[in-house]
Every structure is written in structure tokens, then in C-alpha cells.
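Below: one structure, written as C-alpha cells.
So that the names make sense, note that chain A is the first sequence line, chain B the second, and so on, each numbered from 1. If you're wondering where the values come from, they're calculated on a predicted model, not measured in any experiment.
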Amino acid sequence: MKMSKLFVQTLREFPSDAEVMSHKLLVRAGYIRRLASGVYNYLPLMWRTLKKIENITREEMDAAGAQELLMPFVQPEELWQESGRWDVYGKELMRLKDRQGRGMCLGPTHEEVITYIAREGIKSYKQLPVNLYQIQSKFRDEVRPRFGLLRGREFIMKDAYSFDIDEAGLDKEYENMAKTYTRIFERCGLETKMVQSDSGAIGGSVSHEFMVVCDNENNAGENDVFYCEKCDYSANSNHAVSILPKAPTDGGFTKAQVVDTPNCKSIEELAEFLKVEPSVIVKTLVYVADKKYVMALIRGDKNVEEIKLQNAVGANEIRIASSAEIKEIMLNNNKTAEAGYISPIGIEDITIVADNSVCELKNFVIGCNETEKHLIGANWGNEISLPEKITDIRLVQEGEICTQCHSPLKVTRGIEVGNIFKLGTKYSKAMNAVYMAEDGQEKPFIMGCYGIGISRTAAAAVERHHDEFGIKLPLAIAPYHAIVIPVNCKDELQMKTAEEIYNKLLNAGVEVVLDERDERPGVKFKDADLIGFPYRITAGKTLAEGLVEFKNRSNGEVMTIKPQDAIDKIISAVNALK
RNA sequence: CGGGAUGUAGCGCAGCUUGGUAGCGCACCUCGCUUGGGACGAGGGGGUCGCAGGUUCAAAUCCUGUCAUCCCGACCA
């Protein structure tokens, strides 16, 4: 490819609407352009990289025994009604109507369609197990698209679905996919952490996420990952568990009484005023879960993990209640307290969930539903009864103790590039997808599903591989392998040598660009660095000694060597990819 | 949806306070000159100032509404 013909427009400055490095660089280097919020054009450079990631994924999935197919991205409402998700998926599902008025949606994921395919196509246990996958655009009308390709409303995903006759088969395939994923990301130059996670809208029992650790300057990592340095434990904050380090649990009050606590709306102010540790205070928070109020009780020095609370009450949606809503609850119970002074005491008809952490408290402090007053020296079973629902709704904090090996946990930020779920029979039962088992009984498929965000992986790779000059994607997924630059195109020797090198590389199957533009060298070097050609050969003044400059973009190494040596180095690096 | 900000040429911005018929840098076209890290000179093309109302002799500028985009929170590959 000649540089003058390559369809790319590099910008001299970063776009003003981009925040994270991958977004800034991909736009500036001419890989992508925004079409609408969260919707991007993949220009030729980007598309080459995406195809490479897709192909790596394809090779590894095929090698793992999966088979590729392609499902439509327009899906009929009926299937979503069958699975029950038409009503629960919410606004994120891009819905539309066809000319007959029938409901359709653009696929955010394909459990419904694949289950339909299995129901129609798999009749006997003899056809099992099977794992089917596709690579295709997905649509999710995100509440807040951001960070360029990291959170778009349209994105490219590889999604695979496995069907087994029993749990043991699913476990085996789950392991198989976990290993395959690690290999795929490795080949893309990404080190990943496999962490336990909540299974969210997809459903199912067990799930893990593949995180690219991204703890750098711009916070591109949207997830907090807790992990143990001693053992292999690691989990998304929405799922992480821990043992609490020792903290005071006895308030030390000798009798229960209501005391004045002026201006003590926050736990800190209250602890300071009463001269107690926050850990002997019970914090009461009000949430709205699917339009119903929920009170959550947690130890004063800890915070609620909303996903855990959402799961505890079986809700689809949860948010913290507003002060107006709290007022409404109080009024309904003939009370007047503001947030900060509330508790479940004397409150009726509201679901109450307590975190495990409050159970062991003695002589503790809690609100009493009167503004600027608290109850001190309370005990479970006396002044207040322990709620029926006691579970883990606590957000883990760094330094708490690993449940597996009792070492302190650490935290880091991660970009989720892949996700694997054990679905079990959630969809097969709902959609009556059954096969004839060996014993003559009809049984639902045991399913698993496995996703990789292809376009997000590309963006994550840029997050991990860049410097002040631009992108430096690894050879395996860079748009091109190499660039050849004649410093001065009007110099016949330079131009001729560059063309010879270019042709030799081209003939050897190297994906190479010749920068034959009549530009000053600075422009060519800046563009080459920005776009991120892994190898650069420069034909310039060193030709006097018959040498060229050879530069490795990823480690910055520069050497002056014979043209043929530079060519050989590139060819052998490219061949090593296969 | 709640909180904050911004919409002026492909990109980055000024002009708005104090209304007077739109400008700068980069990019683009032509000519010259230059060629190892985003040169220089001369000339040129490109904008219904997000959109719709209103105030005014006159609106990018003031007022009202609306749309879009971005940032911070709830969603997730």
C-alpha cells in the first residue's frame, strides 16, 4: 500500500470530546470517526485491526471445537417474550416495529435466538455437546455511552453458546473456554485476570470476567477488581467477598436510651459526637428496587454494594431513594425523621435486608426515626429485632481479608474484555428447548455462554500499548506490519532503495506501507509513530554507507543495518506469528 | 433519569460581557522554496454561527424554547 493512497487522515491535535487515551489516539491516528453518540465508523486501519482480532478469536475458538455461524441482528419480539426478557431488559434494548406493527429488536445478545436454533435443530443427546459462536455487531442503548470504543451503543462481539446434557459437561466446556480466552487475549498482547463476577442481565449461576488491568492515568478501567496476592482469588467488586479485619463491635453503652444527636446526619459526625467507632453504628439506607422501597442495614464503617442488594431482593433495577421518598415513608409510618436518623424501628410494610456485618454488634447505635436523635446501647432482640433477611450486601474494601487464604486483599481497575457464564437451564426451560435423552426422557439443554468484546479488546489494547507519540499495537493486531520511508522522495537513490525494500517485503507476504509522499521527514515520522507501524525502515543519509535505519516501535530500538538484514528481521517476526 | 458544561469551516479555538453583516491556527488547492522529527513565503476555496421562535433598524452576540454532544453517578462486552 502506498501511503498517499491509504485512506487515513491523521490529526495534529487530540479531539476535544475524547477523554481516555484509546479514544483520543484512535481518532487522532485516523482509525475511527464518530457517527453518533456511542456509534463509530471503523475506518480502514481500525477494520484491519478488528479483523485480526476476529481471526485470532476464530482460530482459537475453532481449535477449541466450537463452530462458527451467523445469526441475524434483528430479532422478533416473540422470542424475547418466551424468555421473559422483553419486559425486564429495559430501555437498553433497541426496539422497533416492522410495517405490520410487529415488535422487533436489535440484538444486544443472542441467547433467545441460539436457544431457538438449538430447539429446532438438536433433537437427540447424540448431537451433544455442541458449542456455536458468531462474531457480529451488537446493539445496546447504553444509558451513557462513553470512552469511545470502550462503551459504545453498537459494538462488535464474539458470542458463543454451549449445549450439554449435564452439569459435568458444562463444567468441562466452561474450563475449555476459560483456557481459550486466556490464549486469545495473550495473542492480542493483553494480559488478563479472570475474576469472579455477578451474572447480571444474562442470568445464570457462575460467571467470570476477563479483565485487562488498567490502573493508569485516565481511569479507562471501569471496574474495581479485588484480588489476593497470596492465592488465586480475584473478583469484581460487585461480587467480591471478604472477612472483616478486627474492629470494635461493642458500643460499650450500659443501657439502651434515646439521646440527642444534633447535626449528626453522617456516620462520621455521629461517631465523633458520641465518641464511638463507626463500626458500632448501624447505618440504614433506603433504596428503591423495582419501584418498591427497601431498607438496607450495614455496619457504619462499610458501604452497600448495590448489585448484591439488588440480587438479595431479586430486583432488576435499584437506586438510592431520594430525600422526598424517605419523607414519604416516614409520613406513612407517622414519623418525621430525615435521612441519617432513620432505622427500621416501627416501620412497617418495607423489605428490610441486613448485612452480615451487623449481626455481631452489641450495645450499638442506630437511628430512631426522630430527627437529631439516635438510640444508643441497642441490642438485637431487645430494642430492635434482627431482620429476617440477613445476607452479604457489603462492598469490599482494600485491606480486608481474603476468604481463601486470610491475606489482605488488594484492589485495581480493570477493563472487562470477556465474560463467561454458566447459564444452566434458564433459557432452555423458559423456551422449552429440549432433547431426547438416552433414557427416553425429554430434557432441557444445559447451557453456557461466552462473550468477547472484539472492538473493546482493540481499544483495551491501545490503552495498554501506547506512548506520548502514538499507538503501538503488537505485531499480531497492528493494521500493518511495517512502513518504509524514503526521507527525501526527490533523492533517486533513497526512492529506489525504498521501493526495492518495499517490493521485497510485499512479495514475502509482509503487510507494508511505502510512504512515498513528498512530505518533509518530520511529517512522515510523526505519522508513522502515531499510527503505530511495528517496524520502520528509513532510507536516508545512511545509504552513503549502504545502510538503512531499522526501528522497532514497541521497544524503541533503533539500528543502522544493511537493507537485507532489516527485511529479514521483519519477515522472521511476521512468520513467527503463525 | 439526576448533577455539570459545551455547540462558530474537516480538526482545535477566538469573537458574545458592551448587538453593526464572521475571524485565527492546522488541514485542503495553486506556485515557489525546503527535505533526518509535524519548515517557510505568496495566492486561493470552504461556515444558513446546532435548530426554532422572540426583542431590535440590525442578532453568532440579548430573551425563550428545543435538539445534540461531552463530563460525573445507576448499565455492561
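G45(B) and U30(B): their C1' atoms are spaced 11 Å apart (whole Å). Rounded to whole Å, the C1' atom of A74(B) lies 40 Å from the corresponding atom of G15(B). Taking the C1' atoms as reference points, C13(B) lies 22 Å from G19(B), given to the whole Å. Going from the C1' atom of A39(B) to that of A27(B) covers 16 Å, rounded to whole Å. Distance noted for atom P between U66(B) and G10(B): 28 Å (whole Å). Spacing of C1' atoms, G12(B) relative to G38(B), comes out at 15 Å, to the nearest Å. The P atoms of A9(B) and G50(B) are separated by 8 Å, rounded to the nearest whole Å. Distance noted for atom P between U34(B) and C71(B): 47 Å (whole Å).
Residue Leu11(A) is the one, among Glu92(A) and Leu11(A), whose nearest nucleotide of RNA chain B lies closer to the 5' end (criterion: closest heavy atom). Positionally, the nearest nucleotide of RNA chain B for Lys91(A) lies more toward the 5' end than for the other of Gly418(A) and Lys91(A).
G32(B) is paired with C40(B) under the criterion used here, namely a Watson-Crick or G-U wobble arrangement in which both key atom distances are under 3.5 Å. Across all strands shown, U6(B) pairs with A68(B); the Watson-Crick or G-U wobble distances both stay below 3.5 Å. With a 3.5 Å ceiling on both atom-pair distances, the Watson-Crick or G-U wobble partner of G53(B) is C63(B). In a base pair of the Watson-Crick type (N1 to N3 plus N6-O4 or O6-N4) or a G-U wobble (N1-O2 and O6-N3), with each distance short of 3.5 Å, G25(B) is matched with C11(B). Across all strands shown, G45(B) forms no Watson-Crick or G-U wobble pair with both key distances under 3.5 Å. When both distances must be under 3.5 Å, the Watson-Crick or G-U wobble mate of C1(B) is G73(B).
One N or O donor and one acceptor, one from the side chain of Asp529(A) and one from the base of G37(B), sit under 3.5 Å apart. Put simply, the side chain of Arg517(A) and the base of G38(B) share no donor and acceptor less than 3.5 Å apart. Interface remark: the Asn223(A) side chain does form a donor-acceptor pair with the C76(B) base, using a distance-only criterion of under 3.5 Å. On a pure distance criterion of 3.5 Å, no polar donor-acceptor pair joins the side chain of Arg140(A) and the base of C76(B).
Looking at heavy-atom distances under 4.0 Å, Pro15(A) makes contact with sugar-phosphate atoms alone, never a base. Contacts of Glu519(A) with the nucleic acid, taken as non-hydrogen atoms under 4.0 Å apart, include base atoms. No contact: Gly470(A) has no heavy atom under 4.0 Å from any strand. Residue Arg536(A) is classed as a base contact, given a heavy-atom separation below 4.0 Å to a base. Residue-level contact check: Gly451(A) touches neither bases nor backbone, having no heavy atom under 4.0 Å from any strand. Nucleic acid contact class of Asp159(A) (heavy atoms, under 4.0 Å, all strands): none. Within 4.0 Å (heavy atoms only), Asp518(A) reaches at least one base atom of the nucleic acid.
To the nearest angstrom, C1' of A39(B) lies 14 Å from NZ of Lys490(A). Separating the CG atom of Asn311(A) from the P atom of C76(B) is a distance of 10 Å, rounded to the nearest angstrom. Rounded to whole Å, atom P of G37(B) lies 12 Å from atom CD1 of Ile485(A). The CD1 atom of Ile135(A) sits 17 Å away from the P atom of A77(B) (whole-angstrom rounding). Rounded to whole Å, the distance from CZ on Phe469(A) to P on G38(B) is 11 Å. Between the NZ atom of Lys524(A) and the P atom of G37(B) there is a distance of 13 Å, rounded to whole Å.
In this structure, a donor-acceptor pair under 3.5 Å is absent between the side chains of Arg95(A) and Tyr89(A). Side-chain contact check for Asp159(A) and Gln134(A): at least one donor-acceptor pair (N or O, by modelled atom type) lies under 3.5 Å.
A salt bridge between Arg536(A) and Asp529(A) is present, with a side-chain N of the basic residue lying under 4.0 Å from a carboxylate O of the acidic one. The pair Glu19(A)-Arg146(A) does not count as a salt bridge, with every side-chain nitrogen at least 4.0 angstrom from each carboxylate oxygen. The pair Lys426(A)-Glu111(A) does not meet the salt-bridge criterion, since no charged nitrogen lies less than 4.0 angstrom from a carboxylate oxygen. Salt-bridge check for Lys91(A) with Asp141(A): failed, with every basic side-chain N at 4.0 Å or more from each acidic carboxylate O.
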Problem - Contact pattern, 5' to 3', of nucleotides 68-74 of chain B - B, S or - by protein heavy atom under 4.0 Å - result: -SSBBBB
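Taking NZ of Lys292(A) as the reference point, atom CD1 of Ile350(A) lies at 12.0 Å (rounded to 0.5 Å). If you take CD on Glu191(A) and CZ on Arg464(A), they are separated by 7.0 Å, rounding to the nearest 0.5 Å.
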Exercise for the section: Could you walk me through whether Glu60(A) and Thr180(A) pass side-chain hydrogen bond (donor to acceptor under 3.5 Å, both in side chains), step by step? Expected result: CA-CA 6 Å; Glu60(A) 295 296 337; Thr180(A) 301; 5.9 Å; no
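With sequence neighbours excluded, the residues satisfying side chain to side chain contact (heavy atoms under 4.5 Å, CB included) with Ala160(A) are Met61(A), Asn131(A), Tyr133(A), Lys158(A), Tyr450(A).
Counting heavy atoms from C-beta outward, Ile561(A) and Lys569(A) have side chains that approach closer than 4.5 Å. In this structure, the side chains of Arg28(A) and Glu13(A) stay at 4.5 Å or more apart for every pair of heavy atoms.
Using a 4.0 Å cutoff on non-hydrogen atoms, the parts of residues 542-554 of chain A near RNA chain B are Thr542(A), Glu549(A), Lys551(A), ordered by number.
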